[in-house]
Structures are given as structure tokens and as C-alpha cells.
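Everything below concerns the one structure shown next.
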2 protein chains.
Amino acid sequence: MTDVLNPAQLRAYFGLMEVVSLLQYAVREQLHAEGGLSYVQFEILAKLAHTDQPLTMTDLADGVVYSRSGLTHQAGLLQKQGLITRSASPDDQRATVVHITEEGRARLDTVLPGHIQVVRELLFDSLDERDVRTLGDMMGNARDHMRSRPPRSAAPRNRHTGTAVEK
Amino acid sequence: MTDVLNPAQLRAYFGLMEVVSLLQYAVREQLHAEGGLSYVQFEILAKLAHTDQPLTMTDLADGVVYSRSGLTHQAGLLQKQGLITRSASPDDQRATVVHITEEGRARLDTVLPGHIQVVRELLFDSLDERDVRTLGDMMGNARDHMRSRPPRSAAPRNRHTGTAVEK
DNA sequence: TATTGTTATACTCTATAACTATA
DNA sequence: TATAGTTATAGAGTATAACAATA
């Protein structure tokens, strides 16, 4: 249990952060310029379109690193643009179900080609097929690992644990 | 020149974005809680300490995806905390050279063990040695590629090109 | 009593544009 | 004329805490 990372780890870590920063920057600009969407808004629409059925706010919050109030805020912006609708769930009166509208799908269609082009030009042009598979595997593992083992603080972001966390 | 990504690419792309989001979230929290630093502030200090010599604002802006005014702002915050100093360059009167102070180094030392622990627990615990090398290679390639080929817009972030970009 | 979601609020980050001064 | 950096400002994103309604 040393408290350093070896040089290969440092290189991987900083490389990862830098690459994703550059990618995020480009992707955000594209989404904003071509569709007036923030990245989170894009994620919400993409998730709804991909799942192809209404999701609750909590469903949406899963998978997006986001506070609930932040999600409410972004959903409000999407709704104001007519890209989603929100209505009370028939099953659970507390829950809100979110639907994507036709306009929402259309907006996604507007944005997607440019989005994909940016990602391909920036990221995939430098990776061969085997790299892509490997990267996908590694990120899949890492995600499962991260999701299953919340950080040291064990501070829940979205849920109550029952154990009070003093602060 | 299709306009889709194949499934492996989609998986890699979304996996990458999700993993780094989770990592950034955890890392930001750690830096803030244990050192009162934002990630950019950490990057600035780390860069100064690593280079081990004063850098100009422009030097610092390179490698950090940041507007110049944003960098000025963050540098101001660091200076207010006594972690860096800024002074006029002897070589070029326009330039500002940034030094890290002893306090700055100390702050970095305070933050680093926890930082490394977070990164190791979240990221490297799920990757073996070979993965780490591979990831480092891929990210190195991708970074070089991205840095050499600015996105479609060709809109310069930090420099003047001489060609006016209408907007 | 716990959970879903919203509101109100405040703070941070980031970018744009205008500006100063040096080259 | 171009570059380095700062300032003023404005907008977007995000979190916290308090709250209402339902389970």
C-alpha cells in the first residue's frame, strides 16, 4: 500500500483526464452550436430515445453523475424547449415519468451526425479496431468497479443509507 | 464515411465518458475537501511543481483546456491563498511568470496522498499492469492526435490566426 | 419514517468583449 | 499590427437545504 502511482499509472491517469477534457470541450461546443444542448441534456435525451420508454427522474439520475436538483433544473430546460414532457406516474404518485417528444427525437437527430463526426475525428481516428475493443472492455470493467464501490467517503449522492453521515 | 459509430465504438465512447465523469466527480470532491482546490487549481500547482521552474500564463494555458480569462481567475484565487506568486517577466515585459510558493508545494503534499488513493481505488484497482500500459499508449496517441488536429470549427481558443472567424 | 421530486438560493466555473501594455 | 495578460460582466452549471406530497 504505497502512496504513489507508478509512472505508467501516472501517464495513464493524466492522459485519460487530458483526452477526455479535450473531447468534452469539443463535444460540448458541437452540441451547443448545432442543437442548443448541454452534454447532460444530450445524455437525457439519448437515454430516453435509446430506452424507448418513459423513465422516472430517479431512473435518469442513475447513470448521470448529478444531484437531483440539478436534474430537475436540466429537465425543466428540456421541457421548456418542448423536448420532453413530465407527468405523474400512475404506479407511484410520488414519481414523475419523463417522455421524450417527437421534437426531442428530432433534436437528437439534428445533433447526432455532427456529434458522431466530432467523436470519430477526435478519438477514433487515432485508434484501431482492436484498441476500441480493449478500451471498451477496460471502461466497462472500470465502470462496474466504480459503481459497485462508492468512494471512501461513502457519502451517498442520491439515496439515504440510514446511517447518518456527519459533516 | 458513414455517419454512425459501430457498437464497439459507441460502447467505448460512452464508457469513457461515464468512467471519467465518475472519476472527476470523486477527484474534485477529494481535492476540495482535503485541500480547498478545484481540479484546475490542482493542475496548475502540479504542473509548476513538476516542471520545477516558473512558467508564464501562456505556458500554463497550454495543456489546460481553458480560456485566458479563466486562467487569470484561477491564478488569482491561488495567489490569494498564497500558493503561487506572479511577477513580470524580465525577458518579455508583457509576460507574467508564475512561481509556486513553499505553501503551494505544501498544499500539494497535503492533497496528493488522498488524491492518489482515490484514483487508485476507483480506477487502477480494476486494471492490471498490461491494461495500464495499453491505456497510457492509447491516450498518448489520442492526445497527440487531438492536439495536432483542432476540431472542425478550426476556431482558435487561445491564439490569433489572422483570419477573422465570423460568428 | 423514508422516498420522490421541486424550489429557492448561492456559489463556482467559464467565456466574451473591451481594455492596457508591451513587442 | 499582433501578443500577453487583466478586468468587468454575464451566463450556465451545480450543490445544499428546506419543503410538499406520497409510500
Side-chain angles (χ1 to χ4, degrees), chain A residues 21 24-25 28-29 31-33 36-44 55-62 64-81 84 86-98 153 155-165 167, chain B residues 21 24-25 28-29 31-33 36-44 54-62 64-80 84 86-98 153 155-165 167:
Chain A
S21 286
Q24 283 176 338
Y25 188 94
R28 278 193 198 123
E29 181 171 310
L31 287 173
H32 184 264
L37 296 174
S38 70
Y39 187 73
V40 191
Q41 289 166 14
F42 169 72
E43 276 185 304
I44 294 172
L55 297 172
T56 66
M57 295 296 279
T58 299
D59 291 334
L60 285 171
D62 293 345
V64 181
V65 182
Y66 228 70
S67 68
R68 290 192 303 168
S69 65
L71 189 62
T72 296
H73 176 63
Q74 293 296 337
L77 295 178
L78 286 172
Q79 189 168 21
K80 202 181 302 177
Q81 291 188 67
I84 62 170
R86 281 181 289 180
S87 50
S89 163
D91 306 342
D92 183 338
Q93 287 291 85
R94 294 172 303 179
T96 298
V97 290
V98 182
S153 68
R157 250 196 322 286
N158 293 315
R159 310 272 183 185
H160 246 253
T161 53
T163 357
V165 179
K167 190 162 185 200
Chain B
S21 287
Q24 283 175 339
Y25 189 95
R28 279 194 197 123
E29 181 171 309
L31 288 172
H32 184 262
L37 297 174
S38 70
Y39 187 73
V40 191
Q41 290 167 13
F42 169 73
E43 277 186 303
I44 293 171
L55 297 172
T56 66
M57 295 295 280
T58 299
D59 292 334
L60 285 171
D62 292 346
V64 181
V65 182
Y66 229 68
S67 67
R68 290 192 305 170
S69 65
L71 189 62
T72 297
H73 175 63
Q74 294 295 336
L77 295 177
L78 287 171
Q79 188 167 22
K80 202 181 302 178
I84 62 170
R86 280 181 288 180
S87 49
S89 164
D91 306 343
D92 183 337
Q93 287 291 86
R94 293 172 304 179
T96 298
V97 289
V98 182
S153 68
R157 249 195 324 284
N158 294 314
R159 313 268 184 188
H160 245 253
T161 52
T163 356
V165 179
K167 193 162 183 196

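Hydrogens, waters and symmetry mates are skipped; everything else that's a heavy atom, side chains included, is used. Below, chains carry the letters A, B, ... as their sequence lines are ordered, and counting in each starts from 1. The model shown is predicted, which means the values in this text are computed figures rather than measured ones.
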- Query: If each of B:R94 and A:H32 is mapped to the nucleotide of DNA chain D with the nearest heavy atom, which maps nearer the 5' terminus, i.e. the 5' end?
  - Reply: B:R94
- Find which nucleotide of DNA chain D each of A:Q93 and B:D59 is nearest to by heavy atoms, and output the residue with the more 5' nucleotide.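 Whichever sits nearer the 5' end wins; that is B:D59.
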[N] [atom2] sits how many Å from [X] [atom1], rounded?
{"X": "A:D92", "N": "C:dG5", "atom1": "CG", "atom2": "P", "value": "8 Å"}
{"X": "A:D91", "N": "C:dT3", "atom1": "CG", "atom2": "C1'", "value": "16 Å"}
{"X": "A:L31", "N": "D:dG13", "atom1": "CG", "atom2": "P", "value": "12 Å"}
{"X": "A:L60", "N": "C:dT6", "atom1": "CG", "atom2": "C1'", "value": "15 Å"}
{"X": "A:M57", "N": "C:dT6", "atom1": "CE", "atom2": "C1'", "value": "9 Å"}
{"X": "B:L71", "N": "C:dT16", "atom1": "CG", "atom2": "P", "value": "15 Å"}
{"X": "A:Q79", "N": "C:dG5", "atom1": "CD", "atom2": "C1'", "value": "13 Å"}
{"X": "A:Q24", "N": "C:dC13", "atom1": "CD", "atom2": "P", "value": "16 Å"}

- Would A:T56 and A:D59 count as having a side-chain donor-acceptor pair, cut-off 3.5 Å? yes
- Under 4.0 angstrom, heavy atoms only, what part of the nucleic acid is B:S89 near: base, sugar-phosphate, or nothing? nothing
- Task: Describe the nucleic acid contact of B:R28 in one word from base, sugar-phosphate, nothing, applying a heavy-atom distance below 4.0 Å.
- Result: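 The residue B:R28 makes no contact with any strand.
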- Rounding to 0.5 Å, atoms CZ (A:R86) and CG (A:L78) come to a distance of 9.0 Å
- Message: For D:dA12 and A:S38 - does any side-chain N or O of the residue sit under 4.0 Å from the phosphate oxygens OP1/OP2?
- Response: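 No, outside the criterion.
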- Distance check: side-chain N/O of A:Y25 vs OP1/OP2 of C:dA15, anything under 4.0 Å?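 For C:dA15, OP1/OP2 do have a side-chain N/O of A:Y25 under 4.0 Å.
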- Query: D:dA23, D:dG5, D:dG13: which one has an atom nearest the side-chain heavy atoms of A:L77?
  - Reply: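 Of the candidates, D:dG13 comes closest.
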- Of the listed nucleotides D:dG13, C:dT7, D:dT6, the one nearest the side chain of B:T96: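 When the side chain of B:T96 is considered, D:dT6 is the closest of D:dG13, C:dT7, D:dT6.
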- Query: Nearest heavy-atom pair of A:Q24 and B:S21: which atoms, and what distance?
  - Reply: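 So the minimum-distance heavy-atom pair works out to NE2-OG, 4.5 Å.
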- Between B:L71 and B:M57, the two heavy atoms sitting closest are CD2-O, 3.1 Å
When you measure only distances, ignoring hydrogens and angles, does the side chain of [X] come within 3.5 Å of the base of [N] through a donor and an acceptor?
{"X": "B:T58", "N": "D:dA4", "result": "no"}
{"X": "A:S67", "N": "D:dT16", "result": "no"}
{"X": "B:R68", "N": "D:dG5", "result": "yes"}
{"X": "B:T72", "N": "D:dT7", "result": "no"}

- Item | Residue mapping more 5' on DNA chain C - nearest nucleotide basis, B:S69 or A:H73 | A:H73
- Query: Is there side-chain contact between B:Q79 and B:Q74, with heavy atoms separated by less than 4.5 Å?
  - Reply: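 With C-beta onward as the side chain, the pair stays apart.
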- Task: Take B:L55 and B:V97 through the side-chain contact (heavy atoms from CB on, under 4.5 Å) test and state the conclusion after the steps.
- Result: CA-CA 5 Å; B:L55 297 172; B:V97 289; over 6 Å; no
